[in-house]
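Data block below; observations after.
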Amino acid sequence: MKTLFVGAGSMAYALLNGALEAKVLEKESVFVTNRSNGQLLTEVTNHFGVNGVHDHLPSHEPFDVIILAMKPKDFHGATPAVKRFLTSDTLIISVLAGISIKQIREALAFNGAVARAMPNTSASVGRSATAVTCNGSLSEKQREWTMKFFSSVGLAVEVPEEQMDLITAVSGSGPAYIYYVAEIIEKAAVDLGLHSELAKALIKETISGASVMLEKSGLEAEILRKNVTSPGGTTEAGISVLEQYGVSEAFTHCVDAAKNRSQEMGKELRLNRVK
């Protein structure tokens with residue numbers, strides 16, 4: 001499948017890294033373009049050995065797949081270039097938060113196959129959690145390829161589009177929440193007396209081990225937590241403070257805010273297009 005990535009940022013990098021490693025993409029058939037940062041484009045193309053499009057390809061150059069991986073705010077600015085590469089048989093895959101399939105089709109004046117996906121940057125190590133939704137124009141081959149592509153970089157599930165904003169908040173942004181927790185615990189450990197390198201090593205392995213337990217133990221997170229939390233013990237003392245400070249409620253608000261922002265981004269893009 002001859003594939004064009006529009007955008008060379010962290011998400012494009014993660015998907016390229018995972019899909020090339022899994023051989024779902026072949027570097028000779030991959031093209032990458034980046035509208036504003038030529039240095040970044042050069043770094044990505046040199047690293048992966050794929051084809052860079054620094055200016056533009058001939059307008060007749062067709063692609064089987066075009067992956068929209070720019071920042072959402074840059075979507076409308078990129079549409080004239082994307083239109084040049086579209087044919088009726090092109091599959092468009094968007095990994096842009098907040099932008100609906102309807103918006104994509106309207107902006108590109110395109111009535112063909114569009115899939116919307118929300119992976120996360122763990123795709124670069126083959127561990128993304130990706131939600132995918134497809135319109136009715138995908139052929140069976142295109143649908144299979146889309147799911148194979150995202151399955152090559154982790155878990156891929158097909159969902160209704162109305163769930164995408166919430167999933168963006170849960171798994172699209174989710175790695176950042178985990179990194180934030182790691183960052184906070186590391187700072188607390190250092191402030192209370194541990195050497196920074198020791199704190200980092202212990203926290204990395206702790207989070208990695210907990211992830212494996214969630215994946216392989218067959219037990220729910222609540223049960224795993226209770227198994228570690230002995231009555232009157234150290235873990236219970238720590239958890240009670242988290243409850244006292246409303247950490248559970250804070251995470252609920254965190255996910256809700258991210259979901260709302262995903263919805264707002266789509267509305268902003270509609271308003272900007274009208275202007």
Side-chain angles (χ1 to χ4, degrees), residues 9-22 24 95 97 117-132 147-159 163-192 194-230 233-243 245-259 262:
S10 58
M11 185 53 68
Y13 187 98
L15 292 171
L16 279 166
N17 196 63
L20 287 168
E21 179 70 22
V24 173
V95 296
M118 183 42 58
N120 60 46
T121 52
S122 298
S124 63
V125 292
R127 296 304 301 267
S128 177
T130 306
V132 182
M147 297 308 293
K148 182 179 179 182
F149 172 72
F150 287 110
S151 294
S152 76
V153 296
L155 172 69
V157 294
E158 196 165 353
V159 301
Q163 294 182 352
M164 289 296 287
D165 291 315
L166 177 55
I167 289 171
T168 296
V170 173
S171 57
S173 300
Y177 309 152
I178 305 303
Y179 303 147
Y180 184 58
V181 168
E183 182 184 351
I184 290 170
I185 298 174
E186 180 187 332
K187 184 178 185 304
V190 172
D191 288 348
L192 292 169
L194 279 187
H195 187 277
S196 176
E197 292 305 311
L198 175 58
K200 285 179 182 178
L202 290 171
I203 291 162
K204 283 179 185 177
E205 194 64 18
T206 299
I207 291 175
S208 176
S211 175
V212 172
M213 287 292 288
L214 279 168
E215 182 178 6
K216 296 188 175 181
S217 71
L219 300 175
E220 298 293 330
E222 181 183 7
I223 300 301
L224 289 169
R225 173 181 60 80
K226 288 180 176 179
N227 286 348
V228 181
T229 310
S230 302
T234 59
T235 306
E236 184 180 66
I239 292 288
S240 67
V241 173
L242 294 178
E243 291 175 343
Y245 280 89
V247 170
S248 175
E249 184 179 0
F251 267 100
T252 300
H253 287 301
C254 163
V255 173
D256 191 43
K259 179 200 72 175
S262 179

Discussion item. Please give me the minimum heavy-atom distance between Pro175 and Ser122, naming the atom from each residue.
Written reply: CG-OG, 4.1 Å
Worksheet item: How close do Ser171 and Asn120 get, heavy atom to heavy atom, and via which atoms?
Response: O-ND2, 2.9 Å
Worksheet item: Of the non-hydrogen atoms in Met11 and Val95, which two are nearest, and what is the gap between them?
Response: CG-CG2, 3.9 Å
Response to the item:
So OG1 of Thr235 and CZ of Arg225: to nearest 0.5 Å the spacing works out to 10.5 Å
Item to complete: State which residues pass side chain to side chain donor-acceptor pair (under 3.5 Å) with Ser173; sequence neighbours excluded, sorted by chain then number.
Response: none
Practice prompt. Check whether any side-chain heavy atom of Val241 sits under 4.5 Å from a side-chain heavy atom of Val247, and report yes or no.
Written response: no
Fill in: Partners passing side chain to side chain donor-acceptor pair (under 3.5 Å) against Lys226 (at least two apart in sequence or in another chain)
Glu222
Discussion item. Please give me the minimum heavy-atom distance between Val153 and Ala19, naming the atom from each residue.
Written reply: CG1-N, 3.6 Å
Worksheet entry | From Ser124 atom OG to Leu16 atom CG, the distance as rounded to the nearest 0.5 Å | 11.0 Å
Response to the item:
Rounded to the nearest 0.5 angstrom, the CG-CD distance for Leu214 and Glu220 is 9.0 Å
Practice prompt. Report the distance from atom NZ of Lys200 to atom NE2 of His195, rounding to the nearest 0.5 Å.
Written response: 9.5 Å
Fill in: Heavy-atom pair with the smallest gap, counting every atom of Ala169 and Tyr177
O-OH, 2.7 Å
Worksheet item: side chain to side chain contact (heavy atoms under 4.5 Å, CB included) with Thr168: which residues, sequence neighbours excluded?
Response: Ala97, Met118, Ser262
Show every donor-acceptor pair shorter than 3.5 Å between a side-chain atom in residues 180-191 and any protein atom, with sequence neighbours excluded, or say none if there are none.
residue, atom, partner, partner atom, Å
Lys187, NZ, Asp191, OD2, 2.8

Worksheet item: Who pairs with Asn227 by side chain to side chain donor-acceptor pair (under 3.5 Å), at least two apart in sequence or on another chain?
Response: none
Worksheet item: What residues form a side chain to side chain donor-acceptor pair (under 3.5 Å) with Glu205, not counting sequence neighbours?
Response: none
Practice prompt. Please answer whether the main-chain N or O of Glu236 pairs with a side-chain N or O of Thr229 as donor and acceptor at a distance below 3.5 Å.
Written response: no
Worksheet entry | Expected output: side-chain Thr252 to main-chain Ser248 donor-acceptor under 3.5 Å | yes
Worksheet item: side chain to side chain contact (heavy atoms under 4.5 Å, CB included) between Phe150 and Val157: does it pass, once the steps are laid out?
Response: CA-CA 9 Å; Phe150 287 110; Val157 294; over 6 Å; no
